[in-house]
Amino acid sequence: MSAPAPSPLAVVDAEPLPRQEEVLTEAALAFVAELHRRFTPRRDELLARRAERRAEIARTSTLDFLPETAAIRADDSWKVAPAPAALNDRRVEITGPTDRKMTINALNSGARVWLADFEDASAPTWENVVLGQLNLIDAYTRNIDFTDPRSGKSYALKPAEELATVVMRPRGWHLEERHLTFEGRPVPGALVDFGLYFFHNAQRLIDLGKGPYFYLPKTESHLEARLWNEIFAFAQDYVGIPQGTVRATVLIETITAAYEMEEILYELRDHAAGLNAGRWDYLFSIVKNFRDGGAKFVLPDRNAVTMTAPFMRAYTELLVRTCHKRGAHAIGGMAAFIPSRKDAEVNKVAFEKVKADKDREAGDGFDGSWVAHPDLVPIAMASFDAVLGEKPNQKDRLREDVSVAAGDLIAIDSLDAKPTYDGLRNAVQVGIRYIEAWLRGLGAVAIFNLMEDAATAEISRSQIWQWINAGVVFENGEAATPELARKVAAEELAAIRAEIGEEAFAAGKWQQAHDLLLHVSLDADYADFLTLPAYEQLVG
């Protein structure tokens with residue numbers, strides 16, 4: 001590869017970071033610039049297409065499998081590329097941001113895979129973006145350790161053969177990286193995250209017997225998967241590694257993507273590793289797309305929408321059948337519980353629920369599943385071990401008994417549960433607490449013994465918005481109104497102030513978080529993503 005010309009990218013409004021020159025090399029920035037030049041115009045077209053499709057759903061209040069791709073679905077002959085050895089057994093995957101302590105703990109966790117997250121579990125401060133990349137480089141070169149300044153506890157990597165395989169998740173297509181610009185325009189965050197990681201680590205990972213593996217978030221159509229496939233093909237040629245080295249697992253976390261699972265795998269077939277069922281963003285996407293659809297699309301409290309709800313069951317069973325038909329891994333949802341160090345009874349009840357959830361997934365044919373905390377790895381592992389035994393996966397379970405009609409995926413009114421006043425209060429509580437942490441640069445936050453990320457805040461504010469605009473009346477006779485939301489939010493803010501004290505309250509971003517939650521929950525013009533207005537307020 002010849003020496004690149006100086007990069008046309010500019011780093012703007014960013015304080016220098018320690019060792020940033022190891023990440024922001026001239027060659028790496030030249031690669032990101034070339035990705036931007038070639039692929040951002042198509043990204044822009046696809047974002048515009050999202051808006052057009054949303055308008056069509058608003059007009060029709062329905063979705064269907066695509067008639068123009070029926071031949072792909074009907075053709076039984078195609079399969080995705082065989083899984084590389086490092087990704088063949090994915091029975092437990094741990095998720096989390098790429099700060100230094102998490103990097104070590106996740107790699108050491110005993111999980112088969114770590115989803116190293118630059119997306120929903122990471123607030124995209126420049127420090128998190130750049131130093132997260134540095135932490136992964138250091139992990140692969142075994143140049144990483146960490147001592148907790150509060151506890152004095154030290155962390156170091158286990159032997160290489162005991163470490164999880166990394167699957168990195170870049171930001172979604174809708175997000176920009178304001179600190180890296182081309183001719184005054186921000187570069188898409190997805191291209192920054194992917195480009196820096198791939199450029200620095202692709203060959204290094206191959207040398208370690210693994211490869212550059214990715215989770216693709218927020219995908220809404222097979223055309224967006226096609227764009228990623230084109231990026232992978234270009235990137236592999238650019239650094240001189242074999243085509244097909246990249247592997248991508250796509251999160252089916254939008255309702256539109258649920259109707260295009262086979263097409264998404266087809267577009268990525270030389271690079272596809274599997275699909276994942278992501279619960280909160282999926283529900284958020286249903287609200288976003290069908291928010292004008294009337295009472296039959298009103299979701300109850302988020303905690304009442306379990307994976308056994310009929311429309312969620314249709315989604316997960318279709319995902320397993322689709323993946324196994326095409327030779328891909330089906331990866332299940334998140335166990336978000338964070339064990340309490342003080343309450344053994346809380347842990348006992350929660351662990352039983354986690355076990356039941358993972359038993360169900362393994363029994364349904366999933367090849368693996370997610371957990372948010374190392375203490376949950378053994379529980380999930382036991383569920384999958386019981387079904388898989390020595391087999392690396394169960395892709396041979398074709399689930400041909402599954403038959404899902406288009407309407408089954410959006411049969412929201414098949415649920416008996418209704419929105420409740422406590423559900424509104426919980427949405428406000430979690431929304432304020434999560435957004436406050438996000439504005440301080442934390443993307444993965446333990447709230448009420450659950451690990452919450454940006455998808456949590458999205459479903460919280462979307463439900464407040466939907467319930468108000470649908471004229472929901474709660475079981476206590478109170479109507480969901482902007483006034484009620486403001487009253488509950490004021491009460492919760494006062495409760496937080498009393499809980500943590502004046503000094504900690506003043507040091508945080510609580511009022512700002514309260515105001516932002518109300519803005520995105522009450523504004524008549526529904527924001528496509530909470531993280532867009534939030535990013536404008538994110539310092540750093």
Side-chain angles (χ1 to χ4, degrees), residues 44 46-63 119-120 171-176 217-221 224 253-258 278-302 305 410 412-413 419 423-424 426-428 430-432 434-435 438-439 452-473 479-486 488-489 512-538:
D44 295 344
L46 290 169
L47 290 184
R49 187 178 179 276
R50 285 183 179 183
E52 293 165 6
R53 194 172 194 190
R54 219 308 283 176
E56 177 70 7
I57 293 169
R59 189 178 64 79
T60 63
S61 288
T62 193
L63 272 170
E119 200 231 359
D120 272 3
R171 279 169 282 182
W173 280 129
H174 59 289
L175 293 165
E176 309 281 17
K218 308 286 192 292
T219 300
E220 296 196 16
S221 75
E224 295 179 15
E253 56 184 353
T254 67
I255 186 62
T256 51
R279 177 178 170 194
W280 293 139
D281 262 323
Y282 189 73
L283 295 176
F284 156 53
S285 174
I286 290 173
V287 174
K288 175 160 65 173
N289 280 285
F290 289 93
R291 63 184 185 267
D292 314 296
K296 73 175 187 173
F297 289 105
V298 172
L299 282 169
D301 302 359
R302 70 164 180 148
V305 187
I410 49 174
I412 313 303
D413 55 355
L424 173 69
N426 181 258
V428 171
V430 173
I432 291 174
Y434 180 80
I435 293 170
W438 195 93
L439 291 172
E452 308 285 16
D453 68 8
T456 303
E458 291 286 24
I459 187 63
S460 295
R461 65 95 179 190
S462 295
Q463 294 206 286
I464 299 167
W465 193 99
Q466 185 186 46
W467 294 345
I468 290 170
N469 283 273
V472 163
V473 177
T481 62
E483 292 72 29
L484 180 62
R486 290 190 187 98
V488 171
Q512 191 178 348
H514 163 280
D515 295 350
L516 181 54
L517 177 69
L518 288 180
H519 170 68
V520 294
S521 301
L522 304 182
D523 195 333
D525 185 13
Y526 178 94
D528 277 348
F529 293 95
L530 159 69
T531 45
L532 294 175
Y535 189 47
E536 295 174 10
Q537 299 184 30
L538 186 66

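Computation of the quantities below employed the complete heavy-atom set of this structure, encompassing side-chain atoms and omitting hydrogens, waters and symmetry-equivalent molecules. In what follows, residues are counted from 1 in the order of the sequence shown.
S285 and E253 make their closest contact through CB-O, 3.9 Å (heavy atoms, listed as atom of the first residue, atom of the second, distance). Across every non-hydrogen atom of Y282 and A258, the tightest pair is OH-CB, 3.6 Å. In this structure, W465 and A524 approach most closely via the heavy-atom pair CZ2-O, 3.7 Å.
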- For K288 and E458, what are the C-alpha separation, side-chain angles and deciding distance, and is it a salt bridge (Lys or Arg N to Asp or Glu O under 4.0 Å)? CA-CA 10 Å; K288 175 160 65 173; E458 291 286 24; over 6 Å; no
- With side-chain contact (heavy atoms from CB on, under 4.5 Å) as the test, would you mind laying out the steps for D301 and N426 before giving the verdict? CA-CA 9 Å; D301 302 359; N426 181 258; over 6 Å; no
- Report the C-alpha separation of E56 and R59 in whole Å, then their side-chain angles, then the decisive distance to 0.1 Å, and conclude whether the salt bridge (Lys or Arg N to Asp or Glu O under 4.0 Å) test is met. CA-CA 5 Å; E56 177 70 7; R59 189 178 64 79; 2.7 Å; yes
- Given the rule in the salt bridge (Lys or Arg N to Asp or Glu O under 4.0 Å) test, do D292 and R54 qualify, once you have shown the distances and angles that lead to the verdict? CA-CA 10 Å; D292 314 296; R54 219 308 283 176; 2.8 Å; yes
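Partners of A534 according to the side chain to side chain contact (heavy atoms under 4.5 Å, CB included) rule, which considers only residues two or more places apart in sequence or in another chain, are W438, L516. With sequence neighbours excluded, no residue forms a ring pair (Phe, Tyr, Trp, His ring centres under 6.0 Å) with H514. Scanning for side chain to side chain contact (heavy atoms under 4.5 Å, CB included) contacts around T456 gives W280, R302, V430, E452, D453, S460, with sequence neighbours left out.
Taking the six-membered ring where the residue is Trp, F284 and F529 present perpendicular rings, their angle passing 60° and hence far from 30°.
No option in V298, L299, I255 other than L299 meets the side-chain contact (heavy atoms from CB on, under 4.5 Å) test with V287. Across R53, R50, K218, a single residue satisfies salt bridge (Lys or Arg N to Asp or Glu O under 4.0 Å) together with E224, and that is R50.
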